[in-house]
Each structure stands twice: as C-alpha cells, then as structure tokens.
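Labels below follow one simple rule: chain letters A, B, ... track the order of the sequence lines, proteins then strands, and each chain is numbered from 1. In this text the structure is predicted, and so the values were computed from the model without any measurement.
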There are 2 protein chains.
Amino acid sequence: MQSDPSETELRLLKVLWPEGRLSAREIHDAAAVDTGWSFSTTRKTLERMEAKGLIAAEPLHGIKTFVPLRSKLDVVGGLVTRFARNVLDLDGPLPAAAFTGSRLLDEGEAEELEQLLRDLSEGEGDA
Amino acid sequence: MQSDPSETELRLLKVLWPEGRLSAREIHDAAAVDTGWSFSTTRKTLERMEAKGLIAAEPLHGIKTFVPLRSKLDVVGGLVTRFARNVLDLDGPLPAAAFTGSRLLDEGEAEELEQLLRDLSEGEGDA
DNA sequence: GCATCTATGTGACAAGTGTCGCGCAGGTGC
DNA sequence: GCACCTGCGCGACACTTGTCACATAGATGC
C-alpha cells in the first residue's frame with residue numbers, strides 16, 4: 001500500500017531524487033534551509049515516508065541511507081492525475097503545456113510525463 | 001482567515017456553486033449519491049466549511065441555508081496556484097490548456113481563470 | 001394534544017500530519 | 001578510560017480531517 005506523499009514529504013523527495021541516495025543528515029542539511037525544520041522533524045518525516053513505501057532505508061557502512069522507491073515521474077504523475085480528477089473534474093490527462101516552466105521537470109521529463117499520463121488514462125478509460 | 005477547502009469540502013462546494021443557495025438537506029441529497037456519506041457527515045463538513053469562511057449559513061424562513069462565500073474561480077484559482085507552486089515548482093500561472101476538458105469549468109470560465117491567475121502572479125511576481 | 005418527522009447543536013473517535021525532545025549506543029580524540 | 005558527538009529508536013502532543021451518533025426543539029398530521 002503505497003500512498004501519495006503529503007506536500008511536506010514531497011519536499012524531502014525533491015532533494016532525494018536528484019541524488020539517488022542520501023543519509024538523513026544530508027537530506028536534512030539540504031532541505032533545512034527551506035523548511036526550517038529541526039533534525040528530528042526531518043528524521044520523523046523520513047520514517048513515515050519509509051512506512052508509506054515512498055523510500056527505502058538501507059544501512060550502508062554502518063549509517064542509514066535512504067533511496068527513493070518511487071520515481072519522480074511516477075509520484076508526480078499520480079499527484080497530477082489525482083488533482084486533475086478531484087479538483088478539476090477532468091478525465092483525460094493534463095497536457096504537457098501544464099508542466100512547462102516547472103523547475104521540477106525538464107522538457108524531456110515533461111514529455112515523458114505526458115506520455116505516461118496518456119498511457120495511464122487509456123488503460124483505465126471508461127467504456 | 002479563509003483557508004482552502006480540502007478535497008472533501010470541495011465536493012460540497014461543487015454542488016453549492018451552481019445553485020447559489022441550498023439547505024443542508026438539499027446539499028446532502030445532491031452529494032450523497034457520489035459521496036455515500038451519512039447526513040451527519042455532510043452537516044459536519046458544512047459546519048467546518050462555515051468556520052473556514054468558505055460558506056455562510058443564513059437562516060431563511062426558519063431553516064438554515066448555505067451560500068458560498070468564495071467563488072468557484074477564486075477557490076479553484078487558489079488550489080491551482082498552490083499545486084503549481086508546491087508540487088510542480090512552477091512560478092507562473094498554469095496555461096488555460098490545463099483546464100480544457102474540465103467538467104468544472106466551461107470555456108469562458110477557463111479563460112477567465114487563466115486571466116485571474118495571470119493577474120495574480122503579476123501582482124506578486126518577484127523583482 | 002400527542003406521535004412523528006426534521007433540523008440543529010454538540011460530542012466523540014480514529015487517522016493522519018507537523019513538529020519536537022529524550023535517551024541510549026557506538027565511535028573518536030586524547 | 002573518559003568525555004563527547006552523532007545516529008537512531010521511540011514517544012509525545014496538538015491539530016486537522018473523515019465519519020458518525022445522540023439528544024433536543026420546532027413544525028406537522030390528524
């Protein structure tokens with residue numbers, strides 16, 4: 001049962017994705033400038049993210065490191081789909097135009113995401 | 001202090017907006033087919049929405065009626081902006097293309113919303 | 001006038017979230 | 001060997017959210 005991340009959790013994922021693998025301390029140091037959280041908070045959030053299946057904790061050389069279990073495209077795609085459906089009452093996928101300008105996705109990724117969403121919505125399209 | 005509606009609250013707003021003014025019972029009857037909630041739940045949700053300043057309760061001929069305090073465009077605009085910023089890391093407004101196909105907004109409204117978002121983001125644009 | 005139905009007020013409760021702090025255990029420096 | 005720092009497990013607490021049920025006060029039918 002992997003649920004979507006909350007906005008808070010997403011902030012940590014955003015620092016983890018580009019790196020691939022980081023320790024709690026590293027994630028915290030990178031995120032804290034924006035979040036302003038205490039280290040405890042970062043660690044607790046990481047703990048809950050692990051419970052949700054968003055990331056995995058892997059001990060490496062003695063210290064605990066975290067790796068993302070779901071890709072950026074997968075997570076963002078889920079979030080976007082949910083938003084489109086629940087807020088906008090939109091069946092089909094959002095067009096790639098919606099993602100242009102995003103600091104989270106470069107052009108290639110935006111296209112990839114659009115393709116992903118299209119595939120998804122075809123798979124579950126209504127009769 | 002008017003905060004944004006949760007997805008649950010949004011479902012009730014969506015039945016209220018087109019009508020303008022409805023009693024709790026009417027809102028419930030219209031929403032329950034989708035939500036499956038008990039009447040208690042609908043009423044409690046309405047109560048919290050009132051506390052948030054999303055709607056106002058006005059006694060009319062003895063019974064309590066509810067009217068939206070924030071327009072559809074205002075609310076959806078806020079939600080969209082928040083989503084774009086927090087999830088997509090996007091500064092500017094979402095293009096109207098994102099809204100086409102939405103069952104919530106007709107074409108005119110989609111354009112209006114785009115205009116609104118544009119104005120908003122100009123108003124607070126960074127230096 | 002009494003039984004009934006409906007509208008409202010209010011309380012309850014479990015999850016989920018945001019945010020920490022405490023305390024122990026294992027290295028490190030001297 | 002002792003003092004100290006850091007990583008980590010765990011507990012705590014307040015708030016929001018989703019979901020109801022209970023009980024009381026009018027309004028209605030006859």
Side-chain angles (χ1 to χ4, degrees), chain A residues 1-16 21-67 75 78-79 82-83 86-87, chain B residues 1-16 21-67 75 78-79 82-83 86-87:
Chain A
M1 181 67 62
Q2 47 174 30
S3 38
D4 283 337
S6 68
E7 283 186 11
T8 306
E9 293 162 348
L10 190 58
R11 297 171 82 166
L12 297 189
L13 275 178
K14 284 178 183 173
V15 346
L16 191 52
R21 151 176 264 117
L22 289 176
S23 70
R25 176 62 64 183
E26 291 168 323
I27 295 176
H28 176 69
D29 289 345
V33 280
D34 288 312
T35 64
W37 299 340
S38 82
F39 186 43
S40 282
T41 302
T42 301
R43 285 193 312 116
K44 183 53 110 183
T45 302
L46 250 9
E47 182 187 320
R48 301 214 250 240
M49 289 166 73
E50 194 196 345
K52 280 189 181 179
L54 290 171
I55 59 179
E58 295 176 359
L60 197 67
H61 312 306
I63 61 110
K64 198 172 181 176
T65 62
F66 297 90
V67 293
V75 169
L79 255 12
R82 178 195 184 80
F83 184 80
N86 295 343
V87 176
Chain B
M1 180 67 64
Q2 49 174 27
S3 39
D4 284 337
S6 67
E7 284 187 9
T8 305
E9 293 162 347
L10 190 58
R11 298 171 82 166
L12 297 189
L13 275 178
K14 284 178 183 173
V15 346
L16 191 52
R21 150 176 265 119
L22 289 175
S23 69
R25 176 62 65 184
E26 291 168 323
I27 295 176
H28 176 70
D29 289 344
V33 281
D34 287 313
T35 63
W37 298 340
S38 82
F39 185 43
S40 283
T41 303
T42 301
R43 286 193 311 116
K44 183 52 110 183
T45 302
L46 250 9
E47 181 188 322
R48 302 215 250 241
M49 289 167 72
E50 192 196 348
K52 280 189 180 177
L54 291 171
I55 59 179
E58 295 176 359
L60 197 68
H61 312 306
I63 61 110
K64 199 171 182 177
T65 62
F66 296 90
V67 293
V75 169
L79 255 11
R82 178 195 184 79
F83 185 81
N86 295 341
V87 176

**OP:** State whether the distance check finds a donor on one side and an acceptor on the other, under 3.5 Å, for side chain A/Arg43 versus base D/dG7.
**Re:**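 Counting by modelled atom types and ignoring angles, no donor-acceptor contact under 3.5 Å is found here.
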Under 4.0 Å, counting only non-hydrogen atoms across every strand here, what does [X] touch: a base, just sugar-phosphate, or nothing?
X       : result
B/Ser40 : base
B/Glu9  : nothing
A/Thr8  : sugar-phosphate

Original post:
Looking at A/Phe66, does the NZ or CZ of A/Arg21 lie under 6.0 angstrom from its six-membered ring centre and within 45 degrees of the ring axis?
Top reply: no
**OP:** Would you indicate, yes or no, if D/dG18 has its OP1 or OP2 atom less than 4.0 angstrom from a side-chain nitrogen or oxygen of B/Ser6?
**Re:**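 Yes, such a contact exists.
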Original post:
Given D/dC20, D/dA12, D/dG7, which nucleotide is nearest the side-chain atoms of B/Lys44?
Top reply: D/dC20
**OP:** For A/Ala24 and for A/Arg48, locate the closest nucleotide of DNA chain D by heavy-atom distance; then report the residue assigned to the nucleotide nearer the 5' terminus.
**Re:** A/Ala24
Original post:
Should B/Pro5 and B/Val75 count as side-chain neighbours, where that means a heavy-atom distance under 4.5 Å?
Top reply: yes
Original post:
Would a 4.5 Å heavy-atom cut-off, applied to side chains only, mark A/Thr41 and A/Lys44 as touching?
Top reply: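 Result no, sub-4.5 Å side-chain heavy-atom pair not found.
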Original post:
Roughly how far, to the nearest 0.5 Å, is CZ of B/Arg11 from CG of B/Leu13?
Top reply: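 One finds 12.5 Å between CG of B/Leu13 and CZ of B/Arg11.
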**OP:** Starting at CG of B/Leu54, measure out to OG1 of B/Thr45 and round the result to the nearest 0.5 Å.
**Re:** 11.5 Å
Original post:
Reading DNA chain C 5' to 3', which nucleotide is the first, and which the last, to come under 4.0 Å of any heavy atom in chain A?
Top reply: C/dT17 to C/dG21
